[in-house]
K.L.:
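Structure incoming, see below.
Since this is a predicted model, take the numbers as computed values, not measurements. Just so you know, these numbers use all the heavy atoms, side chains as well, and skip hydrogens, waters and symmetry mates.
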Amino acid sequence: CMGIGGVAGLAIAKKILVTELPQTVAAFHSLVGLAATATSIAAYLHTPLDHLDGVHLTSIWAGTFIGAVTLTGSIVAFGKLQGLLPSPPLKLANANMLNIGMMAGNLAAMGVFMTNPSPAVAVASLIATTGISCVLGAHVTASIGGADMPVAITVLNSYSGWALCAEGFVLNNDLLTTVGALIGS
């Protein structure tokens, strides 16, 4: 797998101009978000329920939430910088109320996930968190103008670090936790 990744990375690196680095970073951050979301849900599905304490459940939910926001936020940032999406900020009526509503929905899904012993309900709440967080990440990033996208990408980089940190807790991997905390800060 590392050889395939190295060949793919080399091919991409040879085609990218220095001026295209911000959108390239955003594209790669979207993959980090996808990996964090998928790993969190998979960790829940493959961990015996009696091994899931509060720290692991919180980390699984946080990895899902942060990963999904990073996934779609990075895709929107890439699209704006690459000229695939309009550069001006998206201005929806009551945008802050939409964001608050999406955050409330995420917190409600977290509450259900943390307190319901049914695996089917827990997976449904993780899927709900993924969906709501994807919309939230896209909306928040689309609401930022294209000229400010490099700053948004820096914030998304931090999010990818915190998602990695959560994965470290989920997988009991001190290296992931430490590296994620360093990237996140």
K.L.:
For the side chain of Lys14 and the backbone of Gly9, is there at least one donor-acceptor N/O pair under 3.5 Å apart?
P.N.:
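Pair absent, no side-chain N/O of Lys14 close to backbone of Gly9.
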K.L.:
Any side-chain heavy atom of Ser160 within less than 4.5 Å of one from His29?
P.N.:
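Ser160 reaches His29 side chain to side chain.
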K.L.:
Which heavy atom of Leu98 sits nearest to which heavy atom of Ala93, and what is that distance?
P.N.:
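Heavy atoms of Leu98 and Ala93 come nearest at CD1-O, 4.2 Å.
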K.L.:
Below 4.5 Å, heavy atoms only, C-beta onward: do Val140 and Asn99 meet side chain to side chain?
P.N.:
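Contact flag for Val140/Asn99 side chains = yes.
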K.L.:
Under 4.5 Å side-chain heavy-atom separation, chaining through any Ile, Leu, Val, Met, Phe, Trp or Tyr, what else clusters with Ile153? Say none if it is isolated.
P.N.:
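Members alongside Ile153: Val25, Leu81, Ile144, Met149.
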K.L.:
What residues join Leu84 in its hydrophobic cluster, counting side-chain heavy atom gaps under 4.5 Å, either direct or through other members?
P.N.:
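When side chains under 4.5 Å apart are linked, the cluster holding Leu84 also contains Phe78.
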K.L.:
Restricting to pairs with a member in residues 118-173, which pass ring-ring contact (aromatic ring centres under 6.0 Å, His included), not counting sequence neighbours?
P.N.:
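Found none.
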K.L.:
By side chain to side chain contact (heavy atoms under 4.5 Å, CB included), which residues pair with Pro119, not counting sequence neighbours?
P.N.:
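So Pro119 forms a side chain to side chain contact (heavy atoms under 4.5 Å, CB included) with Tyr44, Leu49.
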K.L.:
Would you indicate whether the side-chain heavy atoms of Thr129 and Phe113 approach each other to under 4.5 Å?
P.N.:
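Phe113 does not reach Thr129 side chain to side chain.
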K.L.:
Side chains of Lys91 and Pro89: closer than 4.5 Å at any heavy-atom pair?
P.N.:
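The answer is yes, as the side chains (C-beta and beyond) meet within the 4.5 Å cut-off.
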K.L.:
May I ask whether Trp61 and Val112 are part of the same hydrophobic cluster, defined by side-chain heavy atoms of I, L, V, M, F, W, Y residues being less than 4.5 angstrom apart, directly or through others?
P.N.:
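Hydrophobic grouping puts Trp61 apart from Val112.
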K.L.:
Hey, is the main chain of Gly83 close enough, under 3.5 Å, to the side chain of Ser87 for a donor-acceptor pair?
P.N.:
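Here the side-chain-to-backbone pair does not exist.
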K.L.:
For the hydrophobic clusters of this structure (ILVMFWY residues joined by side-chain heavy atoms under 4.5 Å, transitively), does one cluster hold both Leu45 and Ile127?
P.N.:
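Per the 4.5 Å side-chain linkage, Leu45 and Ile127 are co-clustered.
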K.L.:
Which atoms form the tightest heavy-atom contact between Met114 and Thr58, and what is the distance?
P.N.:
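Closest heavy-atom pair between Met114 and Thr58: CE-OG1, 3.2 Å.
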K.L.:
List the atom of Leu71, the atom of Cys134, and the distance in Å for their closest heavy-atom pair.
P.N.:
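Residues Leu71 and Cys134, closest heavy atoms: CD2-SG, 4.2 Å.
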K.L.:
Would Leu136 end up clustered with Met110 when hydrophobic side chains under 4.5 Å apart are linked, directly or stepwise?
P.N.:
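Yes, same cluster.
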K.L.:
With a 4.5 Å cut-off on side-chain heavy atoms, are Phe28 and Gln23 touching?
P.N.:
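With C-beta onward as the side chain, the pair stays apart.
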K.L.:
If you compare all heavy atoms of Ala68 against all heavy atoms of Thr37, which two are closest, and at what distance to 0.1 Å?
P.N.:
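Smallest heavy-atom distance, with atoms named: N-OG1, 3.0 Å.
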K.L.:
Give the C-alpha distance, both sets of side-chain angles, the deciding distance and a yes or no for side-chain contact (heavy atoms from CB on, under 4.5 Å) between Ile16 and Leu21.
P.N.:
CA-CA 7 Å; Ile16 300 299; Leu21 284 176; 4.2 Å; yes
K.L.:
What do you reckon, is CD1 of Ile4 surrounded by more than 12 foreign heavy atoms closer than 6.0 Å?
P.N.:
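Atom CD1 in Ile4 is not crowded, with 12 or fewer foreign heavy atoms closer than 6.0 Å.
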K.L.:
Hydrophobic cluster membership, with links at side-chain heavy-atom distances under 4.5 Å among I/L/V/M/F/W/Y: are Val135 and Ile100 in one?
P.N.:
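Not linked; separate clusters.
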K.L.:
Kindly say whether Gly79 contributes a backbone atom to a donor-acceptor pair with the side chain of Gln82 at under 3.5 angstrom?
P.N.:
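Here the side-chain-to-backbone pair does not exist.
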K.L.:
To check you understand the geometry: which heavy-atom pair defines the closest contact between Ser74 and Thr70, and what is its length?
P.N.:
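That would be OG-O, 2.8 Å.
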K.L.:
To the closest 0.5 Å, what do you measure between CG (Asp148) and OG1 (Thr141)?
P.N.:
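Result: 12.0 Å between the selected atoms.
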K.L.:
Just how far is it from atom NZ of Lys15 to atom OG1 of Thr24, taken to the nearest 0.5 Å?
P.N.:
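OG1 of Thr24 is found 12.0 Å from NZ of Lys15.
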K.L.:
Would you name the heavy atoms of Ile183 and Gly161 that are closest together and state the gap between them?
P.N.:
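Here Ile183 and Gly161 meet closest at CG2-CA, 3.5 Å.
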K.L.:
Going by side chain to side chain contact (heavy atoms under 4.5 Å, CB included), name the residues that satisfy it together with Ser40, two or more places apart in sequence or in a different chain.
P.N.:
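Ile60, Thr64, Glu167.
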K.L.:
With distance as the sole test, does Asn94 use its side chain to make a donor-acceptor pair with the main-chain N or O of Met97 at under 3.5 Å?
P.N.:
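Not confirmed, Asn94 side chain does not pair with Met97 backbone.
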K.L.:
Is Leu164 reachable from Leu175 through a run of I, L, V, M, F, W or Y residues, each pair having side-chain heavy atoms under 4.5 Å apart?
P.N.:
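Linked, Leu175 and Leu164 end up in one cluster.
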K.L.:
Under 3.5 Å, is there a donor-acceptor pair between the Ser133 and Asn106 side chains?
P.N.:
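Yes, because at least one side-chain N or O of Ser133 sits under 3.5 Å from a partner of the opposite role on Asn106.
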K.L.:
Rest of the hydrophobic cluster containing Leu85 (Ile/Leu/Val/Met/Phe/Trp/Tyr, side-chain heavy atoms under 4.5 Å)?
P.N.:
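Besides Leu85, the cluster holds Val76.
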